[in-house]
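Shown next, in structure tokens, is the structure this report addresses.
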Amino acid sequence: MTRQPHRRRRPLAVLSLLLVVMAMTLGPTPSSAAGTDWWNPTARPTPDSQINVTGEPFKGTNAQGEVRGFVDAHNHIMANEAFGGRLICGKPFSKSGVADALKDCPEHYPDGSLAIFDFITNGGDGKHDPDGWPTFKDWPAHDSLTHQQNYYAWVERAWRGGQRVLVNDLVTNGVICSVYPFKDRSCDEMTSIRLQAKLTYDMQDYIDAMYGGPGKGWFRIVTDSAQARKVVEQGRLAVVLGVETSEPFGCKQILDIAQCDKDDIDAGLDELYDLGVRSMFLCHKFDNALCGVRFDEHGLGTAINVGQFLSTGTFWQTEKCKGPQRDNPIGGAAAPGAEGQLPAGVEVPSYDEDAQCNKRGLTDLGEYAVQGLMKRKMMLEIDHMSVKATGRALDLFEAESYSGVLSSHSWMDLNWTERVYRLGGFIAQYMHGSEEFGAEAERTEALRDKYGVGYGYGTDMNGVGGWPAPRGADTSNPVRYPFRSADGSAVIDRQTTGRRTWDINTDGAAHYGLVPDWIEDIRLVAGQDVVDDLSRGAESYLDTWGSSEKHKAGVNLAKGASASASSSESNPFTSYAPGRAVDGDQDTRWASDWSDDQWLRVDLGSTSTVKRVTLDWERAYGKSYRVEVSTDGSSWQSVWSTTTGDGGLDTAQFSGVPARYVRVHGLDRGTDWGYSLHEVGVYSN
């Protein structure tokens, strides 16, 4: 080949240089300058975990203007600060680096012999290699319940894989803290909650610093739904603060005596709101002054029942269930380690198999707390509440048309599912294995289609629950690496931290970074429809939150109105006159004679549009009754009826009709007494 003289190439080289300069001046600048690779930090610590995801995170909305993305409705990023600080080992971040963050608790060295909670929860002797970074021989693992699973870079990988909402439940349990021998701080629950909230903000700052300063990172704590929606539209992760603790505001009960009052509840809710908390559980594991809990099963249930006795002086008490819902059967298996803590002569009681519901429901203080959540536009987590407490809480929400109800990790009786969706609430399933997750998702798919809602998952990581085991590399349809994210924007390979690489097929869901791999496993096992429903989760969760924020308490048109009745029970000491049902006092009531076919009529004073009637029954309730309206008091129209009334707080909702008079017409009593109502509410909204 004849070589061209150097001078023959210079014009082309000069032209190329000019084009590059023009492109830099007039066109888009390189990604590092323009921020087109905004998802990559400019100053990640070295050394650190790998992310093993490539591609720009999706942002914006779909053609319908909806955000997209997965929702983890139940996680515990800061649980290492709970239970006295030494139950969950390792930290989600450390300014000293990954080696400091991902190390075991001191007492686990040299071989895990003192990892007491590890062998209580995981069996065996608890022995394990305590070294984390950089080898990670034994942890994190899908069945290791006491080691950090929420390292910030693993959360980052989940975000890069399509997650857009994460609920960080600030969690602790004073009883577990008090009985666990290793601790380095107070067992006061609210002290721990405050610290975890602070550290979540510190983690946001830590991540921001990698991206150039405040507000620039992908981890964004949000305090209202509009802010969350904006974050998701930007392609970042909206982090919502929740609370899951056993004695919020100090509201424990000792021998059935509440250790808090309404002032404590108001002060506690105000403090949590100021911390940024927007959802919470009212009870968890142990009955408290607010509500009874849904029991735990097996040996764990026995151990928790012992803990309840040690904390409150009372064991769980059961009764026959009044509806199709059930609490979990109380653990019948022995728990020698826990039972050995009981005083001499005290034993865990036995329970009738046909009495599976907790006697304790929502207490008066609990109802006050529910009303307080609604007043502050916060959302209530109903998982862990007894079915009796849950039913009453849903009654209160229905009476107010309030949508802010969440079931975040499969602790709700599934018979409540449609009732939650009807209210506008949000449901997420626990992070089960792909087969079980797919089966449950399929069971409720028709209801999601009916109400047009998406789905979520609750990983409960750092929550001592256990996570999906590996299906095995020899399965017929393993996850094949690398794979594309559900939205198609990212390519995801096996995750590596230090010298350890995890594979969902052989390791299961060992830590938070494997959430995208688990979702791919769900796609392979359960199908694309389930993943599509999960992709609609962010929109549905934000819809529930937004509806809660927009809620306006209705005006009770019946309060103080004139009332009459077919009859009133006679009592020389107490009045049961009709007006007692519209006086705004929950401690008074109207009561009829002890016979069927009785009615209570309310005169609103003028004609209004009526859409909703609430009936707060005393123990003497109507099994079969109807709600009737009239504009003249003579001609009546039935707008709502039931033949399956079960007492409590009923809400009759119907299309708006003009009415001056509203009548509750009892046809068949639910008891041998008459009909008795504490309060009747009539609303236009």
What distance do [X] atom [atom1] and [Y] atom [atom2] have between them, rounded to the nearest 0.5 Å?
X	Y	atom1	atom2	value
Leu170	Leu195	CG	CG	10.0 Å
Thr444	Tyr421	OG1	OH	5.5 Å
Asn168	Thr200	CG	OG1	4.5 Å
Thr496	Trp502	OG1	CH2	8.0 Å
Leu514	Ile504	CG	CD1	5.0 Å
His76	Gln196	NE2	CD	9.5 Å

Taking 4.0 angstrom as the limit, do [X] and [Y] come out as a salt bridge?
X	Y	result
Arg471	Asp521	yes
Arg86	Asp104	no
Arg220	Asp208	yes
Asp543	Arg229	yes
Lys137	Asp131	no
Arg185	Glu81	yes
Glu233	Arg164	no
Lys198	Asp202	yes
Arg536	Glu539	no
Arg523	Asp529	no

Tell me whether Arg294 contacts the main-chain N or O of Trp411 through its side chain, where contact means a donor paired with an acceptor under 3.5 Å.
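Side chain of Arg294 to backbone of Trp411: a pair is present.
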
Mark yes or no for whether Thr245, through its side chain, and Val171, through its backbone, hold a donor-acceptor pair below 3.5 Å.
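Absent.
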
Is it true that, when you exclude Lys59 itself, more than 12 heavy atoms of the residues, nucleotides or ligands shown sit nearer than 6.0 Å to its NZ?
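Yes, the 6.0 Å shell around NZ holds more than 12 heavy atoms from other groups.
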
Counting only heavy atoms not in Gln528, do more than 12 fall under 6.0 Å of its CD?
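Yes, because the 6.0 Å sphere around CD of Gln528 holds more than 12 heavy atoms from other groups.
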
Mutual orientation of the aromatic rings belonging to [X] and [Y] [parallel < 30°, tilted 30-60°, perpendicular > 60°]:
X	Y	answer
Trp38	Trp159	tilted
His409	His74	parallel
His384	Phe281	tilted

Among Phe437, Phe70, Phe426, ring pair (Phe, Tyr, Trp, His ring centres under 6.0 Å) partner for Tyr455
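Answer to the ring pair (Phe, Tyr, Trp, His ring centres under 6.0 Å) test with Tyr455 among Phe437, Phe70, Phe426: Phe437.
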
As a test of understanding, state which of Phe136, Trp518, Tyr152, Trp154 forms a ring pair (Phe, Tyr, Trp, His ring centres under 6.0 Å) with His511.
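Option passing the ring pair (Phe, Tyr, Trp, His ring centres under 6.0 Å) with His511: Trp154.
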
Is there side-chain contact between [X] and [Y], with heavy atoms separated by less than 4.5 Å?
X	Y	answer
Val405	Met379	no
Leu406	Tyr541	yes
Val277	Thr223	no
Val239	Tyr201	no
Ser49	Gln495	yes
Met412	Thr417	yes
Pro516	Val53	no

Test side-chain contact (heavy atoms from CB on, under 4.5 Å) applied to Lys183 - qualifying residues, sequence neighbours left out
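Result, side-chain contact (heavy atoms from CB on, under 4.5 Å) vs Lys183: Cys177, Cys187.
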
Quiz item: cation-pi between Arg236 and Phe219, 6.0 Å / 45°
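No, Arg236 and Phe219 do not form such a contact.
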
